[in-house]
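Following: one structure in structure tokens, then a few remarks.
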Amino acid sequence: MNISNLSSQIDIRLSNLNDLTLLIVNNVSIQNIIGYEDLDNSFLKSSGIEVQNILTNYIVSSIVNQYVKKAVIFNDAGMLIESMGKESGYLNDYANITTSKNFKILSENPKQLYQMISEPVVSSGKLCMPILKPIYSLSNKYINGWLYMEIDLGIINDILDSYKSYTTLFVTTQNNNIIHSNNHYNIDYNNIIKDESNSYSDYIIKSYNLDKYNWKIYTVEKLININIESQNMLSVFYITVGISLVAGLLIFIGASNIITRPIKLLKIRIKKISSKDFSYDDETENLHGEIGEIGHVINEMASDMEKLLEQSIEMTNEKKNFEIAMLQSQVNPHFLYNTLNSIHWMATLQKNTGICRLVDALTNLLKNMAKSFSDKVTLEEELRLLDDYLTIQSIRYMESFEFVNKIEPSLYNIKIVKMTLQPLVENAIFHGIEPKGKFGTITLDSHIKDNCLFITVTDDGIGMTEDDINRLTSRKKETNKGSINGIGYYNVNLRLKLIYGDDYGLSIKSELSKYTTITIKIPIEE
């Protein structure tokens, strides 16, 4: 269980680092400026300062910010821009990077990424993990420059530190570079890598693969030898039985109590854990010798199990609360259906086609909202639902926006969770087009990649800043009195992740005063 937790933490930490590098190398401003040989005019210098701020902000806002010692973007012409922060820049940084072994190895063999441990080239301190990624041109046809970063090994050591009080751990890369934060037993880790059974008869050594990055986790546990004193006591009993039967009996009972009492306490403790009682038990740790060490390990294990159980309960409750919120957001439609039907026929008799069309659209929306939000429908059915909603909104806003559907009809049979598109188009109208005060366009498009369907909702409204995006993606409760169902970005994203998994959901790209694009990623189901 501990190794599973450790593997997940390392995987998440490296994934966060990888996400940071992808944000940087795919930024349009960075891709644009890296194509210039130098910043020889005021406009380019101003752009360079803006790119430096973008690079710095990406790092500062990243979860792995504290481990980034230095980040540099540069091209073959010698143009170089460094992030601002922990380490100062130097005039010889470009030469130090391009002539270093790190640059040569990583540029020639991208598979060595996340496998190297080396001395820092442009930063200070101890060993680091160098990162080198290409920055492509805006057309993605050729490499314009490079992103070079030096990462403090604390990115892994901080995780290992949380286990060092009771377990010896170390991690190796594919190239057998060693990362560790403790060595309780002063063992040569290099010998363990060569042969896990290498003459360490007093230890249990195991290895576990981290398949995603071809790393390994090694555990080194000292064998706990419990001296069974009962045989000695039994011998003493036989020797003393001739002297005094009573004295021998008392010695035997006393010795038996010394041995069996700690075992009984551990047995009781384990039974409590099996009954889901994970409370701390100091009595088992106060036992003498190696039995006390076992008690300490059992307490640590109980604490970890309690945390995992709490996380599981929290996720289950969150899912239940979401489903309850969905039920609460439904409108009891029976009275409304009858009323709307009466309005429809009255409008028909008066030959008012606009009201008929509006009532039909609203009726269809209410019927769909009365059903479960977790239902999956075809993309064609979801688009019909969206058309009903747009019929109402185009009348409400007096056709102040245009809706363009570029989705190929060949994709219409793919399944999608119902009420996924409508809240996103609603956001585009309310938060993008309406504040703009001008005629706008909302475009729906799609493509397939890696057996996944990607749908984009793009508006040419007021756009958003990074802070706006962060507030939108982290806001659990969205209050919009003009919304038809109260379901916003956060709830749509959560609903997709609960149904499909954490690899799927929504993402946002936006540029202030220009556009906002929300991308839906779901697996293909027909």
Side-chain angles (χ1 to χ4, degrees), residues 14 16-62 64-110 112-137 142-156 173 175 177 179:
L14 293 179
N16 289 334
L17 177 60
N18 189 57
D19 291 343
L20 172 61
T21 62
L22 290 176
L23 282 173
I24 294 173
V25 301
N26 289 308
N27 181 271
V28 175
S29 298
I30 292 176
Q31 288 177 320
N32 181 55
I33 202 166
I34 206 70
Y36 291 94
E37 293 185 359
D38 52 44
L39 309 179
D40 57 357
N41 60 56
S42 59
F43 173 75
L44 290 178
K45 289 178 181 178
S46 176
S47 298
I49 293 173
E50 179 184 352
V51 166
Q52 185 180 47
N53 289 331
I54 291 172
L55 178 61
T56 301
N57 288 336
Y58 274 143
I59 294 171
V60 170
S61 60
S62 171
V64 295
N65 163 47
Q66 60 179 313
Y67 306 110
V68 180
K69 300 174 73 174
K70 182 175 279 193
V72 182
I73 60 172
F74 62 92
N75 60 22
D76 294 339
M79 193 274 285
L80 177 145
I81 298 176
E82 299 188 16
S83 64
M84 298 178 290
K86 303 172 185 175
E87 300 275 352
S88 301
Y90 299 97
L91 294 176
N92 56 351
D93 279 353
Y94 178 83
N96 288 341
I97 294 173
T98 55
T99 58
S100 68
K101 181 175 69 174
N102 294 346
F103 181 77
K104 177 177 175 58
I105 293 175
L106 292 174
S107 61
E108 292 177 354
N109 187 3
Q112 293 298 314
L113 192 63
Y114 306 112
Q115 306 298 335
M116 291 184 64
I117 305 296
S118 73
E119 294 288 343
V121 174
V122 292
S123 63
S124 59
K126 301 178 182 179
L127 295 175
C128 68
M129 181 192 301
I131 305 293
L132 183 73
K133 283 203 171 182
I135 302 175
Y136 287 90
S137 63
Y142 52 87
I143 297 175
N144 258 352
W146 302 90
L147 165 66
Y148 178 77
M149 302 174 69
E150 292 185 345
I151 308 302
D152 193 313
L153 291 186
I155 196 171
I156 305 301
T173 67
N175 298 334
N177 290 310
I179 304 174

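The first residue of the sequence shown is numbered 1, and numbering continues consecutively from there. Just so you know, these numbers use all the heavy atoms, side chains as well, and skip hydrogens, waters and symmetry mates.
Remark: the backbone N or O of Leu44 is paired with a side-chain donor or acceptor of Asn41 at under 3.5 angstrom. Under the 3.5 Å distance criterion, the side-chain polar atoms of Lys133 are left unmatched by any main-chain donor or acceptor of Leu22. With Asn75 contributing its side chain and Ile34 its backbone, the two residues share a donor-acceptor pair below 3.5 Å. Checked by atom type and distance alone, the side chain of Tyr136 never pairs as donor or acceptor with a backbone atom of Asn26 at under 3.5 Å. Judged purely by atom type and a 3.5 angstrom limit, Glu87 has no side-chain atom pairing as donor or acceptor with the backbone of Ser123.
Note that the CG atom of Leu106 and the NZ atom of Lys101 stand 11.0 Å from one another [nearest 0.5 Å]. Atoms OH and CZ, on Tyr36 and Phe43 in that order, are 6.5 Å from each other to the nearest 0.5 Å. Atom-to-atom distance recorded for Thr173:OG1 and Ile117:CD1 is 6.0 Å, nearest 0.5 angstrom. From Ile81, atom CD1 reaches atom CD1 of Ile73 across 4.5 Å, with rounding to the nearest 0.5 Å. From Trp146, atom CH2 reaches atom OG1 of Thr98 across 12.0 Å, with rounding to the nearest 0.5 Å. Expressed to the nearest 0.5 Å, how far CG of Leu127 lies from OG of Ser118 amounts to 7.5 Å.
Contact of the Ile151 side chain with the Val68 side chain is registered, since non-hydrogen atoms from C-beta on lie closer than 4.5 Å. The shortest side-chain heavy-atom distance between Glu150 and Val121 falls under the 4.5 Å cut-off. The side-chain heavy atoms of Ile33 and Leu39, taken from C-beta on, include a pair separated by under 4.5 Å. At a threshold of 4.5 Å between non-hydrogen side-chain atoms, the residues Ile131 and Leu147 do not count as touching. With contacts defined as side-chain heavy-atom distances shorter than 4.5 Å, the pair Phe103/Leu132 qualifies.
Considering all non-hydrogen atoms of both residues, Ser29 and Val51 come closest at O-CG2, 3.8 Å. Contact detail for Tyr148 and Pro130: the closest heavy-atom pair is OH-CB, 3.9 Å. The two residues Gly145 and Ile143 have their closest heavy-atom pair at O-CG2, 3.3 Å.
Asn18 and Tyr114 share a donor-acceptor pair across their side chains, judged by distance under 3.5 Å alone.
Sorted by first and then second residue, the pairs that involve residues 44-62 and meet side chain to side chain donor-acceptor pair (under 3.5 Å), not counting sequence neighbours, are Asn27-Tyr58.
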| said: Evaluate Leu14 against Val64 for side chain to side chain contact (heavy atoms under 4.5 Å, CB included), listing each step before the verdict. | reply: CA-CA 9 Å; Leu14 293 179; Val64 295; over 6 Å; no
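Listed by chain and residue number, Lys70 satisfy the salt bridge (charged side-chain N to carboxylate O under 4.0 Å, His left out) test with Glu82 (two or more places apart in sequence, or in another chain).
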